[in-house]
Chemist: 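This structure is in structure tokens; I'll ask about it shortly.
Here is the naming used below: chain letters follow the sequence lines, and residue numbers restart at 1 for every chain. Predicted model, so just to flag it, every value in this text is computed and none were measured.
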Protein chains: 2
Amino acid sequence: MVSMKEIAQKCGVSVATVSKALNDKDDIAESTKEMIRKVADEMGFMANASARALKTNRTYNIGVLFTNDDAGLAHDYFSIILNSFKVAAEEEGYDITFVNHKIAGRESTYLKHCEYRNFDGVAIILADFKDPEIIELAESKLPAVCIDYEYYNCSSVVSDNTKGLLDIVRYAGSMGHRKIAYIHGELTDVTKNRLMGFYDGCREQGITVDPSYVLQSNYHDIEQCSECTRKLLQLEDRPTCIICPDDYSAMGCLRVLAQEGLSVPEDMSVIGYDGINMAMINGMTTYMQDSIGLGRIAFRKLADKIDHPEIPAEHSVVFGKFIVGRTVAKIGD
Amino acid sequence: MVSMKEIAQKCGVSVATVSKALNDKDDIAESTKEMIRKVADEMGFMANASARALKTNRTYNIGVLFTNDDAGLAHDYFSIILNSFKVAAEEEGYDITFVNHKIAGRESTYLKHCEYRNFDGVAIILADFKDPEIIELAESKLPAVCIDYEYYNCSSVVSDNTKGLLDIVRYAGSMGHRKIAYIHGELTDVTKNRLMGFYDGCREQGITVDPSYVLQSNYHDIEQCSECTRKLLQLEDRPTCIICPDDYSAMGCLRVLAQEGLSVPEDMSVIGYDGINMAMINGMTTYMQDSIGLGRIAFRKLADKIDHPEIPAEHSVVFGKFIVGRTVAKIGD
DNA sequence: TACAAAAAAGTAAACGTTTTCGTAAAAAGG
DNA sequence: CCTTTTTACGAAAACGTTTACTTTTTTGTA
């Protein structure tokens, strides 16, 4: 690896001059800069990020927390957010590195890992938000941004979950559905907001919610959602429309319906959530979250926080879009 | 950030002793080590990766090349490989950072980026293998491993593409199919091997391949695959079975068949490739690549190369598994 | 021409580690 | 009790940058 020292020698100037020339400082003559840049190119010079970081306390590297549980990077919804975050970050010269809790092979904490790597900031994209280690990280001094979760002094970007469910229920209502079931995910903030939207929507339509129509499953869990679907089918007074926690677990719902010989949407209407690729291809009626927007805005928030650590935490909401597919029937005429 | 200097002061020893104690060198008394470790813990000490890297020329950071084109990180097949690579790497104390060709916001090359960040090695997981920048990277001194592509002096891990197609054709043959179409991807090494397996299988079964049954599409391209499917349907003598480039683009094939009012598998059999989640859920007959194995083995190869740069490039093959789904009918009885 | 001001370049310390080499003290050997 | 070996630790240089400060050179002005 050729270093500034070698360039300095070849150019007959000091190392400081080389550094300043390559960083385009204004106390170096333009002619000297050009000469140095030319030689640096010829010699195939590349700065050393470690040395630079050591001196400047800035790595231009962002930590990303993305759990390996569940589908990990293959998660159909969060992987898109991550990709969009990555694209935005690279656009502005940041690299991204995954945060884990090992350092040099031995156990550590997420926060320690970030300190070790000197990340300029961290994005908590997919994680168990109740994990004390995650909380420690979010509440630390390190600039951070959370996706789909709000901590007190950590910026966040969340989807408009309340409106999402409201739109869904309104649509179902407009199609004549009065018996609407909602299989929701674990009771996180996201779910609570969606439930709020669900109840609001029902109230608006003058629908009294049958408590047995509201079931708890888990996000991204096909089996659980299948199980809940079976329960709904066993009810004396079946719903006519089932809202699933997300498009992926909705596959479980669809499978059970197929097994029971029910066709969608003729015998049962189904609505998903997220707008993942597979759902769109298969004509699922769903609420498409703006995952690309989520990732991009999350990066922006984080970059702002890195540049201006004094700005207070901000909580942004990103709006999605209701998608009319082929899984909801018009009924009751 | 508390540094070794502060610990040294508090302990009344030198910085060198602190470093050696924390790195468990054997010229430090056990009692001293314990004392230093205790104080370090109390003070919340965390080493500085940049400083360490500067001194040791080792970052324990691996660069991962994963293009943003196409689906990017949301790619149903490669994201699983990446995840498995990530898990394996983290297991052994490596971090992973994405490689791009920007440094501090200005254009650069992939190789330069790796030099800048001092990666110990690089994994080329999803990329345009004909891009000169990628070739430069693969052929460089930097320890590297490629997935699904072979360069001369770069280790690689590839899937058993020939056997994959052989198994597929054998199965189709065993189900009575003699008119088998193959929509393949771009003419890469992967495709060439698959074509070899395809022709081998046909020969084995005594099937003369009708040239109009072999069409070129692109991987992961639903539209192209739809288009090819339409072409096949227009043939006077239609095939009875269509093999698609991959499970994802097979969705295009299925959609066209549905549009034409053909049911699968009664009117047309369809076989995919990859064994992605969506395909498995939907009962697709396909060849499941061992993507988890691919990622894990790729990491192992890379780690070995990092530890022993002198070992020559190795090319490993990972075997997959044929999956019998519900998209191929038995015919001809 | 002389001198101040501005421009250009250099000096040296610092960032936080690791590691080689040196040395004092302790232990072992005779 | 003296010499040799071993053990435990420290001093200092080095990794490749950046940057505050100083020095030298050039330019401008009277």
Side-chain angles (χ1 to χ4, degrees), chain A residues 1-37 39-40 43-61 93 103-104 112-120, chain B residues 1-37 39-40 43-61 93 103-104 112-120:
Chain A
M1 284 293 78
V2 22
S3 68
M4 288 191 178
K5 201 199 272 183
E6 298 167 54
I7 299 192
Q9 277 163 0
K10 194 141 203 164
C11 291
V13 299
S14 74
V15 173
T17 303
V18 173
S19 169
K20 289 192 275 191
L22 295 177
N23 286 311
D24 206 24
K25 301 287 181 184
D26 52 12
D27 64 342
I28 299 294
E30 198 52 49
S31 54
T32 315
K33 282 186 190 174
E34 271 170 34
M35 186 259 270
I36 291 177
R37 278 197 279 252
V39 173
M43 299 182 73
F45 171 77
M46 179 45 44
N48 181 313
S50 302
R52 182 176 286 176
L54 185 58
K55 209 34 207 165
T56 62
N57 245 332
R58 199 83 152 65
T59 54
Y60 282 94
N61 197 3
I103 294 176
K112 285 282 172 209
H113 186 258
C114 292
E115 291 178 355
Y116 176 65
R117 288 285 179 198
N118 275 296
F119 295 138
D120 291 341
Chain B
M1 284 293 79
V2 23
S3 68
M4 287 192 178
K5 200 199 273 184
E6 297 166 55
I7 301 194
Q9 277 163 359
K10 195 144 202 164
C11 291
V13 299
S14 74
V15 174
T17 304
V18 173
S19 170
K20 289 193 272 192
L22 295 178
N23 287 312
D24 206 24
K25 301 287 181 185
D26 51 13
D27 65 339
I28 299 295
E30 199 51 50
S31 56
T32 315
K33 281 185 189 173
E34 271 170 34
M35 186 260 266
I36 291 177
R37 279 197 277 250
V39 173
M43 298 180 74
F45 170 77
M46 179 44 45
N48 182 314
S50 302
R52 182 176 287 177
L54 185 57
K55 213 28 209 163
T56 61
N57 245 331
R58 199 80 153 70
T59 54
Y60 281 93
N61 198 3
I103 293 176
K112 285 280 172 210
H113 186 259
C114 292
E115 291 177 356
Y116 177 65
R117 287 285 179 198
N118 275 295
F119 295 139
D120 291 341

Chemist: Rounded to the Å, how far apart are R58(B) CZ and dT17(C) P?
Modeler: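 About 19 Å, once rounded to whole Å.
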Chemist: Would you kindly give the CG-to-P distance between L22(B) and dT17(C), to the nearest whole Å?
Modeler: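 It works out to 9 Å between those atoms.
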Chemist: I want to check one thing: is the phosphate of dT18(D), taken as OP1 and OP2, less than 4.0 Å away from some side-chain N or O of T56(A)?
Modeler: no
Chemist: When only distance counts, do a donor and an acceptor, one from the side chain of K55(A) and one from the base of dG16(C), lie under 3.5 Å apart?
Modeler: no
Chemist: Quick one: K5(A) NZ to dT17(D) P, roughly how many Å, whole number?
Modeler: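 Result: 11 Å.
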Chemist: Would you say Y116(A) and R52(B) are linked by a side-chain donor-acceptor pair, where the criterion is simply a distance under 3.5 Å?
Modeler: yes
Chemist: So which one's nearest nucleotide on DNA chain D is more toward 5', V18(B) or L54(B)?
Modeler: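 First, find each residue's nearest nucleotide; the 5'-ward one identifies V18(B).
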Chemist: Under a 4.0 Å threshold between the charged nitrogen and the carboxylate oxygen, would E30(B) count as salt-bridged to R37(B)?
Modeler: yes
Chemist: Does OP1 or OP2 of dT18(D) have a side-chain N or O of N23(A) closer than 4.0 Å?
Modeler: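 Yes, because at least one side-chain N or O of N23(A) sits under 4.0 Å from OP1 or OP2 of dT18(D).
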Chemist: Which is more 5' along DNA chain C, the nucleotide nearest N48(B) or the one nearest A16(B)? Just name the residue.
Modeler: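 The 5'-side residue here is N48(B).
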Chemist: Just how far is it from atom OG1 of T17(B) to atom CD1 of I28(B), taken to the nearest 0.5 Å?
Modeler: 4.5 Å
Chemist: Report yes if a side-chain nitrogen or oxygen of R52(A) is closer than 4.0 Å to either non-bridging phosphate oxygen (OP1 or OP2) of dT18(D); otherwise report no.
Modeler: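 Checking R52(A) against dT18(D): at least one side-chain N or O falls below 4.0 Å of OP1 or OP2.
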Chemist: Rounded to whole Å, how long is the line connecting atom CD1 of I36(A) with atom P of dA9(C)?
Modeler: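 To the nearest whole Å, that distance equals 8 Å.
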Chemist: Give a yes/no answer on whether the side chain of S3(B) brings an N or O atom under 4.0 Å of OP1 or OP2 in dG16(C).
Modeler: no
Chemist: Without hydrogens or angle criteria, can the side chains of N61(A) and N118(A) be said to hold a donor-acceptor pair below 3.5 Å?
Modeler: no
Chemist: Looking across every strand, which nucleic acid part, if any, lies under 4.0 Å from A47(B) by heavy atom: base, sugar-phosphate, or nothing?
Modeler: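 If one applies the 4.0 Å heavy-atom cut-off, A47(B) turns out to touch the sugar-phosphate alone, with no base involved.
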Chemist: Could you check how far CD1 of I28(A) sits from P of dT11(C), rounded to whole Å?
Modeler: 13 Å
Chemist: What's the CD-C1' distance between Q9(B) and dG16(C), to the nearest Å?
Modeler: 14 Å
Chemist: Between E115(B) and K112(B), does at least one N-O distance fall below 4.0 Å, as a salt bridge requires?
Modeler: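 K112(B) and E115(B): salt-bridged.
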Chemist: Are any of T17(A)'s side-chain N or O atoms less than 4.0 Å away from OP1 or OP2 of dA9(C)?
Modeler: no
Chemist: How many whole angstroms separate atom CG of N57(A) from atom P of dC15(C)?
Modeler: 10 Å
Chemist: Got more than 12 heavy atoms from elsewhere within 6.0 Å of CG, D26(A)?
Modeler: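 Incorrect, the count does not exceed 12.
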Chemist: Using atom CD of E6(A) as one end and atom C1' of dC15(D) as the other, report the distance to the nearest whole Å.
Modeler: 13 Å
Chemist: For M1(A) and for S14(B), locate the closest nucleotide of DNA chain D by heavy-atom distance; then report the residue assigned to the nucleotide nearer the 5' terminus.
Modeler: S14(B)
Chemist: Closest approach to the side chain of K20(A), judged atom by atom: which nucleotide of dT18(D), dT19(C), dC21(D) is it?
Modeler: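 Looking only at heavy atoms from C-beta outward on K20(A), the closest nucleotide is dC21(D).
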Chemist: Closer than 4.0 Å, any side-chain N/O of K25(A) to the OP1 or OP2 of dT19(D)?
Modeler: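 For dT19(D), OP1/OP2 do have a side-chain N/O of K25(A) under 4.0 Å.
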Chemist: Checking all strands, does T32(B) fall into the base, sugar-phosphate, or nothing category for heavy-atom contacts under 4.0 angstrom?
Modeler: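 Sugar-phosphate, no base atom in range.
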